[in-house]
Amino acid sequence: MKILVLSDSHSAMRFMRSCVEKIKPQAIVHLGDHYDDGETLKELYPQIPLHQVPGNCDRYRCPPWVHGRLCYDVCGVRLFMTHGHKYGVKTSTAMMLAEARAMGAQAALYGHTHIPECIREDSGMWVLNPGTAGYGGGSAGLMEVEDGGILSCRIITSDNLEEFV
């Protein structure tokens, strides 16, 4: 199964739509900035479950009761999802990763920095920042999962999108 991870779309839908249409994921995660872009994806692709959190630019774009972080199973794997601004990820991911570990996450997903990152810690937990879907051609994350485990985790860009079809 494929999980498409998007963040920091800032109202630029083109790259995100291309990713969904070419990859055909079983789930989509949107990590904020702009929350309403996730709602648009939900309307365009109602058959694909969407999981999303708001970002620092979403104060007036989503209902006030929406949680800034989530941690639950998506396609059989436990994901910690946050935009990251409340954890100070532009300086350090330590606080965010400590919380993800404490919640038993198999992967910590965050955005905010606009810088793609995909690493696997020695503990086995994946750390994924898909970068920005809205600037510079776009970037996203792609996780392949099976039987409760993460098989692979990669960064997709507008330049290499065709490789993942």
Test item: side-chain donor near acceptor, Asp37 and Ser9, under 3.5 Å:
yes

In terms of relative ring orientation, are Tyr87 and Phe80 parallel, tilted or perpendicular, with 30° and 60° separating the classes? perpendicular

Check the pair Val127, Cys118 against side-chain contact (heavy atoms from CB on, under 4.5 Å), reporting the backbone distance first and the verdict last. CA-CA 6 Å; Val127 180; Cys118 184; over 6 Å; no

When rounded to the nearest 0.5 Å, the distance separating SG of Cys19 from CG of Leu142 is 9.0 Å

Query raised in the report: Side-chain contact, heavy-atom cut-off 4.5 Å: Val20 with Leu4?
Result: yes

To the nearest 0.5 Å, atom CG of Leu70 lies from atom OG1 of Thr82 at 8.5 Å

With clusters defined by side-chain heavy atoms of hydrophobic residues (ILVMFWY) lying less than 4.5 Å apart, directly or transitively, does Ile28 cluster with Met13?
yes

Check: Is Leu31 linked to Val145 within one hydrophobic cluster, defined over Ile, Leu, Val, Met, Phe, Trp and Tyr using a side-chain heavy-atom separation of less than 4.5 Å?
Finding: yes

* Asked: Hey, are the side chains of Leu41 and Leu6 touching, using non-hydrogen atoms and a 4.5 Å cut-off?
  -> yes

Note to self: Please tell me whether Asn129 and Thr113 have a donor and an acceptor in their side chains that are separated by less than 3.5 angstrom.
What the structure shows: yes

Evaluate Lys22 against Glu162 for side-chain contact (heavy atoms from CB on, under 4.5 Å), listing each step before the verdict. CA-CA 8 Å; Lys22 291 180 180 181; Glu162 296 298 325; 2.6 Å; yes

| query | Taking side chain as C-beta onward, heavy atoms only, is Val74 less than 4.5 Å from Met81? | reply | yes

When every non-hydrogen atom of Gly38 is compared with those of Gln52, the smallest separation belongs to CA-OE1, 3.4 Å

Practice item. Could you give me the CA-CA distance, side-chain angles and deciding distance for Ser152 and Met143, then say whether side-chain contact (heavy atoms from CB on, under 4.5 Å) is met? Key: CA-CA 6 Å; Ser152 66; Met143 301 178 73; over 6 Å; no

Rounded to the nearest 0.5 Å, the OG1 atom of Thr93 sits from the OH atom of Tyr110 at a distance of 5.5 Å

Nearest heavy-atom approach of Pro130 to Gly141 is CB-N, 3.4 Å

Rounded to the nearest 0.5 Å, the CZ atom of Phe15 sits from the CZ atom of Arg17 at a distance of 14.0 Å

_Candidate pair Thr132 and Asp33, rule side-chain contact (heavy atoms from CB on, under 4.5 Å), full reasoning_ = CA-CA 9 Å; Thr132 173; Asp33 281 356; over 6 Å; no

Shortest non-hydrogen pair, Trp126 vs Cys153, comes out as CE3-CB, 3.4 Å

Practice prompt. Indicate, with yes or no, if Ile155 and Leu109 share a hydrophobic cluster defined by side-chain heavy-atom contacts under 4.5 Å among Ile, Leu, Val, Met, Phe, Trp and Tyr.
Written response: yes

| said: Could you see if Val29 belongs to whatever hydrophobic cluster contains Tyr72? Use Ile, Leu, Val, Met, Phe, Trp, Tyr and a side-chain cutoff under 4.5 Å. | reply: yes

Quick one: does any side-chain atom of Thr40 pair with a main-chain N or O of Asp36 as donor and acceptor, under 3.5 Å? yes

Handout entry: Glu144 and Arg154 ion-paired at < 4.0 Å
Key = yes

The single option from Ile119, Ile150, Leu97 that satisfies side-chain contact (heavy atoms from CB on, under 4.5 Å) with Met125 is Leu97

CG (Asp73) and NE2 (His51) are apart, to the nearest 0.5 Å, by 10.0 Å

Is any side-chain heavy atom of Val53 closer than 4.5 Å to one of Val66?
no

For Gly131 and Ser139, the nearest pair of non-hydrogen atoms, with its separation, is CA-OG, 3.4 Å

Smallest heavy-atom separation, Glu146 atom then Leu151 atom, equals CB-CD1, 3.6 Å

Note: Gln106 and Gly149 closest approach over all heavy atoms is NE2-CA, 4.0 Å

Value for CZ (Arg69) from CD (Glu99), rounded to nearest 0.5 Å, stands at 4.5 Å

Quick one: does Asp8's side chain get under 4.5 Å of Tyr135's, heavy atoms only?
no

Worksheet entry | Check: Tyr35 main-chain N/O paired with Asp58 side-chain donor or acceptor under 3.5 Å | yes

**Prompt:** For Arg101, does the CZ atom sit with more than 12 other heavy atoms under 6.0 Å from it, leaving out its own atoms?
**Reply:** yes

Of His34, His112, His67, His30, the one forming a ring-ring contact (aromatic ring centres under 6.0 Å, His included) with His83 is His112

Tell me if the CZ atom of Arg78 is crowded by more than 12 foreign heavy atoms within 6.0 Å.
yes

- Message: With a 4.5 Å cut-off on side-chain heavy-atom distances among I, L, V, M, F, W and Y, is there a chain of contacts connecting Ile23 to Met1?
- Response: no

